[in-house]
Structure formats: C-alpha cells, structure tokens
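Keep in mind that what you see is a predicted model, and the values were worked out from it rather than measured.
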Amino acid sequence: MKTINFMGVRKIAFAATMLLTVLALFSWFHKGLNFGLDFTGGTLIELTYERPADLKAVRAELQDSGFHEAVVQSFGATTDLLVRMPGDDPQLGAKVGAALQKAGGDNPATLKRVEFVGPQVGEELRDQGGLGMLLALGGILIYLAFRFQWKFAVGAIVSLIHDVVVTLGILSFFQITFDLTVLAAVLAIIGYSLNDTIVVFDRVRENFRVMRKASLIENINVSTTQTLLRTIATSVSTLLAIGALLIFGGDNLFGFSLALFIGVLAGTYSSIYIANVVLIWLNLNSEDLIPPAKNEGADDRP
C-alpha cells in the first residue's frame with residue numbers, strides 16, 4: 001500500500017482542531033449542559049394506554065392541565081409512555097397521572113410507576129459522574145506511561161480530552177439532554193478512542209525497530225497507513241450499529257446514540273491528527289523507547 005502523507009496537513013488539521021475545540025468550550029460554558037432528571041432531580045411517570053397513544057395529544061393535555069415543562073416520550077410499545085417532569089414535589093407523579101387519566105376519554109391512561117429523584121441525589125450523581133471520568137483519564141495516563149512511555153501517555157490523554165470536549169460541546173450547542181445514559185456513552189467514547197490510539201502507537205513503536213533511519217514523521221505516516229484499513233473497518237462497522245440505534249432506538253436512546261456517534265468520529269480523527277501530532281511536538285525518538293540501564297553492583301570478588 002502506498003504510504004499516505006497524513007502529517008503533511010497536520011498544521012491545517014491543528015487549526016481546524018483548535019477552532020472546533022474553542023467553539024465547543026464556548027458553547028459548553030455559555031449554554032451549559034442540559035442536565036436531565038438524573039442529575040437535576042424530578043419525577044418520572046410511566047403510563048400505559050389501552051390503544052396506541054398520541055404523543056402530541058398527551059403533550060397538549062399536560063399543557064392544558066398546567067404542566068408546561070413535561071417531556072413526553074414513547075417507552076417500548078406504542079401504548080406505553082414516559083413522562084419526565086422537573087420539580088421537587090413528591091406528589092407530582094400522582095397529579096400528572098390523575099390529570100391524564102381524567103383527560104384520556106375513550107383511551108384512558110393507567111399509572112404503572114412513579115419515580116422521584118431528589119435534587120440532592122441528582123447533584124451527587126453529577127459529581128460522581130465527573131469524578132469517574134477524571135479517574136478514568138488518570139488511570140489511562142498511568143497505564144500508558146508504564147506500557148509505552150510518558151510521551152505516548154501525554155498524546156493519548158490530549159486526544160481523549162479533545163474527544164470529550166468536542167462531544168460535550170456539540171451536546172451543549174444542541175441542548176441534548178445529558179443523563180446517565182449519555183454519561184455512559186462519554187465513558188465508552190474514552191475507551192473506544194483509547195483503543196484506536198493504542199493500535200497506532202503500537203505500530204509506531206514497532207516501526208522504530210524496523211525503520212531505524214526513518215524520521216518520526218515518516219514513521220507516523222507509515223504506521224498510520226498500515227493501520228488505516230483496520231481503523232476504517234472498525235469505525236464504519238461501529239458507526240453503522242450506532243446509526244441504527246440513532247434512527248430506530250427512539251427518544252430514550254437518542255442522546256446516548258448521538259453522543260457515541262460524535263465520539264467515534266472524534267476518536268478516529270484524534271488518534272491520527274492529535275495523538276500523533278503530540279508525539280511530534282514532544283520530539284519522540286528511538287532513545288525514548290530504550291529501557292534505562294540497571295545499575296549493577298561492582299563485583300568485588302578476586
């Protein structure tokens with residue numbers, strides 16, 4: 001296979017990366033994340049109807065009953081609905097259920113379950129989720145520093161931070177609800193992007209032994225080209241599965257699927273144009289991969 005000069009456009013890629021990252025951070029700090037009930041607290045009501053329910057009609061009924069902030073979603077079958085309501089009233093679920101049962105007409109609603117999440121619990125979940133993400137990044141940094149070398153670890157962490165920032169920035173810009181499923185998707189993105197980066201790093205390290213006279217940029221171009229088919233196959237197959245979830249998964253899986261879709265694209269890009277570029281900035285060379293010599297005690301025997 002002909003070697004592709006990936007690093008020939010690294011400056012253009014860096015400019016595009018910086019622009020996208022700045023826009024993502026601006027959206028993140030300006031608009032903020034649209035935290036769901038898992039983090040802000042509120043009430044979740046599950047209802048079932050005798051016949052398929054009309055979402056627009058149910059939303060209109062809730063509006064007429066004074067519940068203006070209700071989020072109505074289909075839940076599994078067409079006869080099952082999920083209503084999410086912000087607020088700290090433990091009786092809110094019963095009130096919403098009674099209003100829909102009264103307005104149901106010839107297709108009455110039956111209340112199946114009501115779950116209340118207090119704002120204190122939601123705040124704890126948000127803090128623990130952020131802490132879990134930081135611990136995951138810290139563990140990855142330590143693992144890569146031991147398995148490869150600290151320059152590889154820095155490249156991987158910068159790449160992962162980029163993927164998370166861009167994903168959260170896009171979710172913030174479109175105000176996609178950020179709940180526990182989306183948090184799980186962000187953590188999955190970290191694992192996926194790391195796997196893609198490690199494949200390239202492994203080949204770079206191996207080619208340092210094979211291509212002794214090659215420059216670092218030439219090594220990276222060859223290594224990335226050699227892993228390109230594997231990267232394309234993995235990314236495309238993953239995106240096809242996520243795309244199916246995005247289209248057919250319904251409202252409950254929309255945020256999860258969208259976050260994964262963005263993260264896989266960002267992770268594939270960053271493993272080439274961020275992780276590798278950091279290695280160039282840090283001037284990785286073959287001497288960095290030579291294990292330090294062990295100090296052996298002098299032999300005093302005659």
Side-chain angles (χ1 to χ4, degrees), residues 1-10 12-14 16-17 20-21 24 136-137 139-140 143-144 147-149 152-168 170-171 181-182 184-211 214 216-249 253-280 284:
M1 179 185 291
K2 181 180 178 181
T3 300
I4 302 173
N5 186 16
F6 288 100
M7 294 299 102
V9 295
R10 65 183 184 278
I12 298 175
F14 174 73
T17 298
L20 185 59
T21 303
L137 290 174
I140 290 168
Y143 163 73
L144 288 177
R147 175 172 175 178
F148 292 96
Q149 199 260 357
F152 287 103
V154 172
I157 290 299
V158 172
S159 171
L160 295 179
I161 291 174
H162 162 270
D163 299 341
V164 172
V165 168
V166 168
T167 302
L168 294 181
I170 295 176
L171 294 178
T181 61
V182 177
V186 173
L187 293 174
I189 289 167
I190 293 175
Y192 180 90
S193 179
L194 176 66
N195 177 68
D196 214 17
T197 302
I198 284 180
V199 170
V200 179
F201 281 178
D202 259 330
R203 189 56 61 91
V204 169
R205 184 175 60 175
E206 180 181 329
N207 282 338
F208 263 119
R209 303 186 183 98
V210 178
M211 305 165 55
L216 175 59
I217 292 178
E218 184 180 353
N219 184 338
I220 290 174
N221 284 332
V222 171
S223 301
T224 307
T225 302
Q226 289 174 343
T227 58
L228 183 61
L229 290 178
R230 180 262 177 205
T231 299
I232 292 175
T234 304
S235 298
V236 170
S237 59
T238 304
L239 288 174
L240 287 174
I242 297 172
L245 279 178
L246 192 61
I247 297 171
F248 303 109
L253 292 176
F254 179 78
F256 172 81
S257 306
L258 181 62
L260 273 181
F261 196 91
I262 297 168
V264 169
L265 290 176
T268 303
Y269 169 84
S270 66
S271 65
I272 299 174
Y273 284 111
I274 296 181
N276 286 332
V277 171
V278 171
L279 297 183
I280 296 174
L284 179 73

> Closest approach of S159 and S271, non-hydrogen atoms and distance?
Replying inline: OG-N, 4.1 Å
> How long is the span from the CE atom in M7 to the CD atom in E218, to the nearest 0.5 Å?
Replying inline: 13.5 Å
>> Enumerate the salt bridge (Lys or Arg N to Asp or Glu O under 4.0 Å) contacts for residues 264-277, please, sequence neighbours excluded, ordered by first and then second residue.
In response: none
>> Quick one about T234 and Y192 (side-chain donor to acceptor, distance below 3.5 Å, no hydrogens or angles considered), yes or no?
In response: no
> Can you tell me if S193 uses its side chain to pair, donor with acceptor, with the backbone of I190 under 3.5 Å?
Replying inline: no
> Does any N or O in the side chain of T227 come within less than 3.5 Å of the main-chain N or O of T224, such that one atom is a donor and the other an acceptor?
Replying inline: yes
> Who pairs with F6 by ring pair (Phe, Tyr, Trp, His ring centres under 6.0 Å), at least two apart in sequence or on another chain?
Replying inline: none
> Can you find a side-chain donor-acceptor pair between N207 and S223 that sits under 3.5 Å?
Replying inline: yes
>> If we ignore hydrogens and angles and just use 3.5 Å, is the side chain of N219 paired with the main-chain N or O of M211 as donor and acceptor?
In response: no
> If you look at every heavy atom in V264 and S235, which pair is closest and at what distance?
Replying inline: CG1-O, 4.4 Å
> Sequence neighbours excluded, which residues qualify as ring pair (Phe, Tyr, Trp, His ring centres under 6.0 Å) partners of F201?
Replying inline: F152
>> Could you check whether any side-chain N or O of N5 sits under 3.5 Å from a backbone N or O of G8, counting only pairs where one atom can act as donor and the other as acceptor?
In response: yes
